[in-house]
Amino acid sequence: MKLRDEREAVVAHARRMDADALTVGTSGNLSVRAGDLLAITPSGLPYDQLTPETVSVVDLDGRPVDARLRPSSELPMHTAVYRETDATAVVHTHPVFATVLSTLVDELPAIHYIIAHLGGPVRVVPYAPYGTEELARLGVEGLAGRSAVILANHGATSYGADLAQAYTRTEYLEWLCRLYVEARKLGEPRLLDEAQIAGATAAFADYGPQPRA
């Protein structure tokens, strides 16, 4: 089986995506790249039926290489992100709070320093029909200098160096969107400026488990 490890990672994270309410039904999709190939969720298959064998393997032009089922309808978005960024994994979801904001604002502002993990305020790009080259183009444009983008009246896309990072960024985005929605219920939230976000970005550079000095 081609890309066995990558297919198993896709299955594991897809099931988490469903359990974490980052999508609904069979919506949402994710992929991971290995060289000139990528493993991607198939179109319309319930996540509890997903197995490594049903995950599709395609090349970077979207042509099937080892695929029992048709790849996700958002394949153009995934291949566009791989072409235009240094992504090794892409996660596309329909989370409630990000989707709510996608109908109301043009940008998720810097309401919390965690947004530095995404590169700064997250853009909301204009609506385009799902699965289209137009949506893929808009999504990639919105990702310029960012690792996440919100798609108007649709959902969100994040990418990372691996599926764990892409998935965590998806979680961060949804948490930030929820924070902003809840704060706006009470008033106009204070926002961080560019210098404060730059400071958080610098601090994150050595964040995480480190050898003890």
Side-chain angles (χ1 to χ4, degrees), residues 9-10 12-24 27-32 41 47 72 74 77-78 80-82 84-128 130 135-136 138-185 189-192 194 196-198 200-201 203-204 207-208:
V10 165
H13 285 82
R15 289 179 176 167
R16 279 188 61 192
M17 188 166 66
D18 192 36
D20 291 341
L22 291 174
T23 191
V24 59
S27 65
N29 37 81
L30 51 83
S31 66
V32 59
T41 46
Y47 292 118
S72 167
E74 295 294 4
M77 181 190 303
H78 289 254
V81 174
Y82 290 123
E84 301 298 329
T85 74
D86 60 355
T88 307
V90 177
V91 176
H92 170 62
T93 57
H94 297 170
V96 171
F97 288 94
T99 306
V100 165
L101 286 184
S102 83
T103 71
L104 297 170
V105 301
D106 295 324
E107 181 182 78
L108 170 65
I111 191 170
H112 190 280
Y113 68 83
I114 285 289
I115 209 164
H117 279 301
L118 307 180
V122 179
R123 304 178 187 96
V124 179
V125 299
Y127 176 80
Y130 80 88
L135 178 62
L138 290 168
V140 167
E141 289 175 358
L143 284 169
R146 303 290 186 269
S147 57
V149 63
I150 298 173
L151 312 170
N153 302 85
H154 184 151
T157 298
S158 304
Y159 75 84
D162 53 32
L163 266 178
Q165 185 180 63
Y167 193 90
T168 296
R169 287 172 171 172
T170 300
E171 292 180 304
Y172 282 150
L173 177 60
E174 177 65 353
W175 182 81
L176 288 162
C177 288
R178 181 172 185 174
L179 187 66
Y180 187 65
V181 168
E182 296 293 340
R184 285 296 301 269
K185 291 178 182 178
R190 287 191 300 270
L191 301 176
L192 303 180
E194 290 184 8
Q196 290 168 321
I197 294 302
T201 301
F204 285 144
Y207 177 78

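Fair warning: this is a prediction, and the values are worked out from it, not measured in the lab.
Under the salt bridge (Lys or Arg N to Asp or Glu O under 4.0 Å) criterion, the residue pairs touching residues 158-181 are R16-E171, with sequence neighbours excluded. The salt bridge (Lys or Arg N to Asp or Glu O under 4.0 Å) pairs that include a residue from residues 147-160 number zero, where partners must be two or more places apart or lie in different chains. For residues 105-116, no residue pair satisfies the side-chain hydrogen bond (donor to acceptor under 3.5 Å, both in side chains) rule, not counting sequence neighbours.
For Y47, there are no ring pair (Phe, Tyr, Trp, His ring centres under 6.0 Å) partners at least two apart in sequence or on another chain. Under the side chain to side chain donor-acceptor pair (under 3.5 Å) criterion, H154 pairs with H92, H94, not counting sequence neighbours. Partners of E182 by side chain to side chain donor-acceptor pair (under 3.5 Å), not counting sequence neighbours, listed by chain and number: K185. With sequence neighbours excluded, the residues forming a side chain to side chain donor-acceptor pair (under 3.5 Å) with S72 are N29, listed by chain and number. Legend: residues meeting side chain to side chain contact (heavy atoms under 4.5 Å, CB included) with L104, ordered by chain and number and at least two apart, are V100. When the ring pair (Phe, Tyr, Trp, His ring centres under 6.0 Å) test is applied to H13, the partners found at least two apart in sequence or on another chain are Y167. Evaluation of the side chain to side chain donor-acceptor pair (under 3.5 Å) rule for T93 yields no partner, not counting sequence neighbours. Applying the side chain to side chain contact (heavy atoms under 4.5 Å, CB included) rule to T85 yields the partners V81, A87, Y159; only residues at least two apart in sequence or on another chain are considered. Listed by chain and residue number, nothing satisfies the ring pair (Phe, Tyr, Trp, His ring centres under 6.0 Å) test with H78 (two or more places apart in sequence, or in another chain).
The shortest side-chain heavy-atom distance between L176 and L118 falls under the 4.5 Å cut-off. Taking the side chain as every heavy atom from C-beta outward, I150 and C177 approach each other to under 4.5 Å. Contact annotation: the side chain of L191 approaches that of I111 to within less than 4.5 Å [non-hydrogen atoms, C-beta and beyond]. Looking only at side-chain heavy atoms (C-beta outward), V124 and L101 stay at 4.5 Å or farther from each other. Inter-residue side-chain proximity for E141 and L138 is flagged as met; some heavy-atom pair is nearer than 4.5 Å.
To the nearest 0.5 Å, the span separating CD on Q165 from OG1 on T170 amounts to 10.5 Å. If you take CE on M77 and OG on S31, they are separated by 10.5 Å, rounding to the nearest 0.5 Å. In this structure, CG in L151 is found 4.5 Å from OG1 in T157, a value given to the nearest 0.5 Å.
In terms of heavy-atom proximity, V90 sits nearest to L163 at O-CD2, 4.5 Å. When every heavy atom of A14 is checked against every heavy atom of T41, the shortest pair comes out as CB-CG2, 4.2 Å. Residues A156 and P95 come closest through the heavy atom pair N-CD, 4.5 Å. Between P109 and P121, the shortest heavy-atom contact is CA-CB, 4.3 Å. Among all heavy-atom pairs drawn from A148 and L173, the shortest one is CB-CD2, 4.1 Å. Nearest heavy atom pair, residue V91 against residue A166, reads CG2-CB, 3.8 Å.
The main-chain N or O of T99 is found under 3.5 Å from a side-chain atom of S102 such that the two form a donor-acceptor pair.
A donor and an acceptor atom, one from each side chain of S158 and Y172, are nowhere located under 3.5 Å apart.
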